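Report on the structure given below.
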Amino acid sequence: MTQVTALVSGKGGTGKTTLCAAIASCMAAEGKRVLCVDLDAPLRNLDLALGMSVEPVPSYTEAFTGSLSLEDIPEHPGVPGLYLLSAPARLTEEATDTESMKTFLTKARECFDDIFLDGPAGLGPIFEMCTSLADRTLLISAGDPGSMRDAGQTAREIALAGCDEAYLILNRVQRGYFRRAGITVDDVMDQVGLRLLGLVPEDSLVPLASAKNTALVLYERRGAAPACLRIARRLNGRRIPLAIS
Ligand SMILES: Nc1ncnc2c1ncn2[C@@H]1O[C@H](COP(=O)(O)OP(=O)(O)OP(=O)(O)O)[C@@H](O)[C@H]1O
Ligand SMILES: [Mg+2]
């Protein structure tokens with residue numbers, strides 16, 4: 001059954017777009033047919049994180065009006081089975097129309113195995129659209145105490161919006177941080193109130209891959225990319241132990 005997965009955060013710049021691109025690429029590499037939808041209008045940049053900024057990518061509102069069919073959604077040039085719809089250049093009323101998105105997702109579920117929604121930072125109409133329509137939500141946060149407190153607040157908003165299946169991912173984790181701070185996986189989950197799905201390390205190749213217009217998983221074999229592969233496999237139901245460093 002197709003899973004619609006939304007990526008959200010309390011604070012901005014936590015890595016939603018980076019991880020959306022990387023986890024979706026890994027899902028496609030695992031043999032799934034995957035659609036990514038950039039919902040961050042007008043601050044879209046999922047095309048950059050995927051390495052698809054050169055080719056023209058239509059926006060999801062074009063699919064609402066019927067001017068774009070599912071067969072016309074562009075496929076990634078280097079990752080077979082990975083498709084992208086961009087966000088419109090302006091945050092219009094149409095762009096936040098939950099009913100149109102719901103209708104679109106119902107059709108898209110027939111064509112794709114996984115659909116990833118890259119949300120904007122913070123709360124608001126698109127956050128509500130994402131969390132009310134997704135089957136599961138990934139809350140992306142940094143690992144410091146202030147970020148985790150914000151993540152706890154956002155986790156409560158996710159539950160209020162009606163998404164019952166939500167997970168926490170900690171991004172940009174410095175090697176040895178949790179060990180030195182004496183924090184365990186259980187402490188993290190207790191504080192935020194969500195199951196921890198994965199830890200992604202700070203990795204200087206992340207912005208480099210984007211600058212070279214290359215999907216992260218095609219660019220590196222260490223650091224953030226394999227961490228995202230483990231997250232994709234956990235989302236697919238595989239049991240892979242969490243290692244907190
Ligand atoms: N694991 C990582 N290691 C190093 N840099 C990272 C990592 N994850 C993300 N970044 C960098 O952090 C910045 C913000 O990432 P990204 O755009 O994915 O965040 P975002 O949550 O989507 O931001 P926004 O809230 O603006 O949508 C980017 O420059 C990205 O390259
Ligand atoms: Mg983003």
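Values below: every heavy atom of this structure, side chains too, minus hydrogens, waters and symmetry copies. If you're wondering where the values come from, they're calculated on a predicted model, not measured in any experiment. First listed ligand is number 1; within each ligand, the first listed atom is number 1.
Ligand 1 has an N or O atom lying under 3.5 Å from an N or O atom of T18, backbone or side chain. For a threshold of 3.5 Å applied to N or O pairs, the pair formed by G13 and ligand 1 contains at least one separation below that value. Residue S204 has no N or O atom closer than 3.5 Å to an N or O atom of ligand 1.
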Tabulate below the donor-acceptor pairs under 3.5 Å that side-chain atoms of residues 196-203 make, not counting sequence neighbours, or state none.
from: E202; atom 1: OE1; to: R172; atom 2: NE; distance (Å): 2.8
from: E202; atom 1: OE1; to: R172; atom 2: NH2; distance (Å): 3.4
from: E202; atom 1: OE2; to: R172; atom 2: NH2; distance (Å): 3.0
from: D203; atom 1: OD1; to: L205; atom 2: N; distance (Å): 2.9
from: D203; atom 1: OD2; to: A224; atom 2: N; distance (Å): 2.9

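Using modelled atom types and a 3.5 Å distance limit, the side chains of S69 and E71 yield a donor-acceptor pair.
The minimum heavy-atom distance linking L35 with F104 is given by the pair CD2-CZ, 3.9 Å.
Shown here, atom 18 (O) of ligand 1 is in close reach of the protein: a heavy atom of it lies under 4.0 Å off. Within a 4.0 Å radius of atom 11 (C) of ligand 1, the protein contributes at least one heavy atom.
Proximity of P201 to ligand 1 is established by a heavy-atom distance of less than 4.0 Å.
Scanning all protein heavy atoms for the shortest distance to atom 8 (N) of ligand 1 gives N171 ND2, 2.9 Å.
For residues 146-166, every residue pair satisfying the salt bridge (charged side-chain N to carboxylate O under 4.0 Å, His left out) rule, not counting sequence neighbours, is listed here: K11-D150.
Among the atoms of N45, none of the N, O or S atoms falls under 2.8 Å from the Mg ion (ligand 2).
When non-hydrogen atoms are compared, ligand 1 lies under 4.0 Å from the side chain of D40 (C-beta onward) but not from its backbone. In S9, neither the side chain nor the backbone holds a heavy atom less than 4.0 Å from any atom of ligand 1.
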